[in-house]
Amino acid sequence: MNVLQLIIAIPLFTFMGFGISFILNMILKTTWVPLVLYAGLLVYFFITKGVLLGGDYLMLTVGLLGVLSGGWVINYLRVNGYRMF
């Protein structure tokens, strides 16, 4: 993986994971369902692909961080009284 691709891909996967998690949390009104779906996606990749490269692990990890941060933000907003979340 090229260094420029890596610099662009890390924030892209983080924001994409955060955004999808945030939207799913708002629609489904459950905090950690996107994390469970992401774990299922990881199991699917490991079963079908077998061996992943180092860049694949990095992208899956930063995507996981995005999904976790989306869950934490939604939880924070709900605790602080935002009813739409």
Side-chain angles (χ1 to χ4, degrees):
M1 180 175 280
N2 190 348
V3 175
L4 183 60
Q5 290 174 336
L6 191 66
I7 292 171
I8 293 171
I10 288 174
L12 180 69
F13 273 77
T14 306
F15 295 144
M16 189 171 58
F18 178 83
I20 292 171
S21 171
F22 196 86
I23 291 169
L24 278 175
N25 280 324
M26 283 194 307
I27 292 171
L28 300 176
K29 302 224 185 248
T30 57
T31 305
W32 301 111
V33 168
L35 183 63
V36 172
L37 292 175
Y38 193 81
L41 183 70
L42 288 178
V43 168
Y44 172 76
F45 277 142
F46 288 133
I47 290 173
T48 59
K49 286 280 244 180
V51 177
L52 298 174
L53 302 175
D56 295 333
Y57 287 115
L58 180 64
M59 293 306 117
L60 292 173
T61 303
V62 296
L64 178 65
L65 292 175
V67 170
L68 284 173
S69 63
W72 284 326
V73 167
I74 287 288
N75 194 20
Y76 174 77
L77 291 172
R78 284 188 188 136
V79 167
N80 287 326
Y82 289 91
R83 292 186 179 204
M84 66 186 299
F85 301 115

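Shortest non-hydrogen contact noted between Trp32 and Asn25 is N-OD1, 4.3 Å.
If you chain together hydrophobic residues whose side chains sit under 4.5 Å apart, Leu37 and Val43 never meet in one group. No path of Ile, Leu, Val, Met, Phe, Trp and Tyr side chains, each step under 4.5 Å between heavy atoms, connects Val3 with Leu53, placing them in separate hydrophobic clusters. Cluster membership for Ile47 and Leu41, using ILVMFWY side-chain heavy atoms within less than 4.5 angstrom, is not shared. Note: the hydrophobic cluster containing Leu24 does not contain Leu65 (ILVMFWY, side chain heavy atoms under 4.5 Å, direct or indirect links). There is no path of hydrophobic side-chain contacts, each under 4.5 Å, that joins Ile74 to Val36.
The closest donor-acceptor contact from the side chain of Asn80 to the backbone of Tyr76 lies under 3.5 Å. The main-chain N or O of Gly66 is found under 3.5 Å from a side-chain atom of Ser69 such that the two form a donor-acceptor pair. In terms of modelled atom types and a separation under 3.5 Å, the side chain of Tyr38 and the main chain of Leu60 share a donor-acceptor contact.
The CG atom of Leu12 sits 9.0 Å away from atom CE of Met59, with the distance rounded to the nearest 0.5 Å. Interatomic distance, Leu64 CG to Leu35 CG, rounded to the nearest 0.5 Å: 6.5 Å. Atoms CG and CZ, from Leu42 and Phe46 in turn, are 5.5 Å apart once rounded to the nearest 0.5 Å.
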Checklist entry - Hey, mind stepping through Phe18 and Val73 against side chain to side chain contact (heavy atoms under 4.5 Å, CB included) and telling me if it holds? => result CA-CA 9 Å; Phe18 178 83; Val73 167; 3.7 Å; yes

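Other residues sharing the hydrophobic cluster of Val79, ordered by chain and number and joined by side-chain separations under 4.5 Å: none, the residue standing alone.
Crowding of Tyr44 atom OH: a count of heavy atoms from other residues, nucleotides or ligands under 6.0 Å not exceeding 12.
Of the options Val62, Leu58, Thr61, a side chain to side chain contact (heavy atoms under 4.5 Å, CB included) to Phe13 is made by Val62 and by none of the others.
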